[in-house]
Amino acid sequence: MESLKLGSLEVWPPVVLAPMAGITNAPFRTLCREQGGGLFVCEMITTRALVERNAKTLKMIRFDPGEKPRSIQLYGVDPVTVGRAVRMIAEEGLADHVDLNFGCPVPKVTRRGGGSALPYKRNLLRAILREAVRNAGTLPVTMKMRKGIDDDHLTYLDAGRIAVEEGVSAIALHGRTAVQHYGGTADWEAIARLKEAVTEIPVLGNGDIWSADDALRMMRETGCDGVVVGRGCLGRPWLFADLAAACDGGDERARPALGEVAATMNRHATLLAECFGSEPHAVADFRKHVGWYLKGFVVGADLRRRLATSDTLADLREGLAELDAAQPWPEGVDAPRGKTHPRDRVHLPAGWLDDPYDLAVPCADAELDTSGG
Ligand SMILES: Cc1cc2nc3c(=O)[nH]c(=O)nc-3n(C[C@H](O)[C@H](O)[C@H](O)COP(=O)(O)O)c2cc1C
């Protein structure tokens with residue numbers, strides 16, 4: 001296995017923490033980074049909000065002093081704004097890597113032509129990539145996408161070619177269409193097809209990696225140059241230790257007992273409070289992580305509820321102290337976690353599918369004015 005080369009950046013192991021809005025903030029990235037190496041991408045940042053120096057957005061692109069390389073994911077629909085955002089990152093030294101989001105399936109994004117809707121407009125995609133690469137200086141620019149809008153409107157092979165032609169440094173493919181959302185299983189065959197079609201730059205595979213062995217299997221079966229791991233690490237930063245061990249050829253796997261899990265939960269919530277500068281905000285935000293951390297452990301419904309409804313760090317810590325610290329890591333947690341549902345349709349702007357080549361930039365409000373999805 002080789003390290004992942006993104007322009008002049010070299011990443012070992014070839015493992016990427018998937019950008020996840022509301023999750024992959026600096027505290028969560030710290031917990032993952034401490035487990036093993038890789039590239040840890042921040043939450044999606046809206047290009048318009050960045051160039052307008054929206055205060056919330058500027059907070060979201062803060063990195064810990066020890067974080068290297070610093071990776072920002074941008075979302076944008078307007079080539080000029082994307083170019084300005086990338087230039088700002090490059091000139092002001094805000095990050096070491098820029099990823100572009102063409103995979104987001106949420107209706108508020110696709111209904112405005114953004115995220116996973118955008119690669120259907122080949123020329124608009126090309127214009128965005130061109131402006132991003134042109135303004136990036138020496139920073140590597142990568143793109144993350146889905147297979148297409150649905151099975152009748154697949155775009156990933158065209159998008160892969162366009163990315164190569166425009167000087168993108170790597171492509172990540174989530175093996176689902178937009179309409180699949182998070183339902184069904186990821187199509188690793190499509191990752192293999194993209195890898196066959198794109199030989200000039202690394203292809204990263206994404207979708208349904210729940211264990212280090214899944215990651216090895218994806219690389220073996222698809223030939224991809226690295227993996228992008230999202231939901232599998234929710235409540236489970238230790239997965240990055242497993243991934244690092246597996247890439248080094250080792251078979252040791254992290255199996256923390258509930259006491260260690262509780263200590264990490266406490267640390268996660270404490271880091272969030274420092275990062276947000278607000279304990280109530282941090283404790284409320286942490287609630288969504290509780291079920292993921294406790295997945296598979298035997299914990300009574302009352303205690304689970306208490307932990308997931310704590311109002312203060314003190315409440316949370318009191319609850320954590322009641323967990324049975326000696327309870328071993330449960331079997332069978334290498335299984336789906338987080339969102340798993342499909343959608344029945346993709347919300348698109350009127351007439352979006354009529355012409356795959358028109359270059360009209362979606363309406364001005366297509367860019368959300370805040371970041372984080
Ligand atoms: C809560 C959540 C938030 C996400 N936010 C983003 C995002 O901001 N940008 C992005 O490109 N993908 C986002 N994704 C998609 C993931 O990066 C990833 O592509 C997807 O979860 C499939 O990988 P997995 O099967 O390893 O989870 C998000 C996924 C989840 C579950």
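Whatever order the structure lists them in is the order used to number ligands and atoms, beginning at 1. FYI, side chains are in, hydrogens and waters are out, and symmetry mates aren't considered; it's all heavy atoms of this structure.
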Ligand 1 N/O within reach of I209 N/O, cut-off under 3.5 Å: no
Given R176, R231, H181, Q73, identify the one with the heavy atom nearest to atom 24 (P) of ligand 1. R231
From the options W352, F102, Y357, select the one residue that forms a side-chain contact (heavy atoms from CB on, under 4.5 Å) with Y120. W352
Regarding ligand 1, does I23 bring an N or O atom to under 3.5 Å of one of the ligand's N or O atoms? no
Is the Lys NZ or Arg CZ of R146 less than 6.0 Å from the centre of Y182's six-membered ring, within 45° of the axis? yes
Applying side chain to side chain donor-acceptor pair (under 3.5 Å), name anything that partners S71, two or more places apart in sequence or on another chain. H97
Any nitrogen or oxygen of P19, side chain or backbone, less than 3.5 Å from one on ligand 1? yes
Show the atoms of ligand 1 that are less than 4.0 angstrom away from any heavy atom in M44. 8 (O)
Selected option - heavy-atom contact closest to atom 18 (C) of ligand 1, from L74, N206, V229: N206
Distance-only side-chain donor-acceptor flag, R317 / T270, under 3.5 Å: yes
Angle between ring planes, H281 versus F276, binned at 30° and 60°: parallel, tilted or perpendicular? parallel
For K68, check side chain to side chain donor-acceptor pair (under 3.5 Å) against everything at least two apart and list the hits. D96
Give yes or no for whether the N/O distance cutoff of 3.5 Å, strictly under, is met between E43 and ligand 1. no
Would one find an N or O of W210, backbone or side chain, under 3.5 Å from an N or O of ligand 1? no
Measure the acute angle between the ring planes of H289 and H268, then classify it against the limits of 30° and 60° as parallel, tilted or perpendicular. tilted
Any atoms of ligand 1 less than 4.0 Å from a non-hydrogen atom of K144? List them with their elements. 10 (C), 11 (O), 12 (N), 15 (C), 16 (C), 17 (O), 18 (C), 19 (O)
Polar atom proximity, N101 to ligand 1 (N or O, under 3.5 Å): yes
Are any of the heavy atoms in G207 under 4.0 Å away from ligand 1? yes
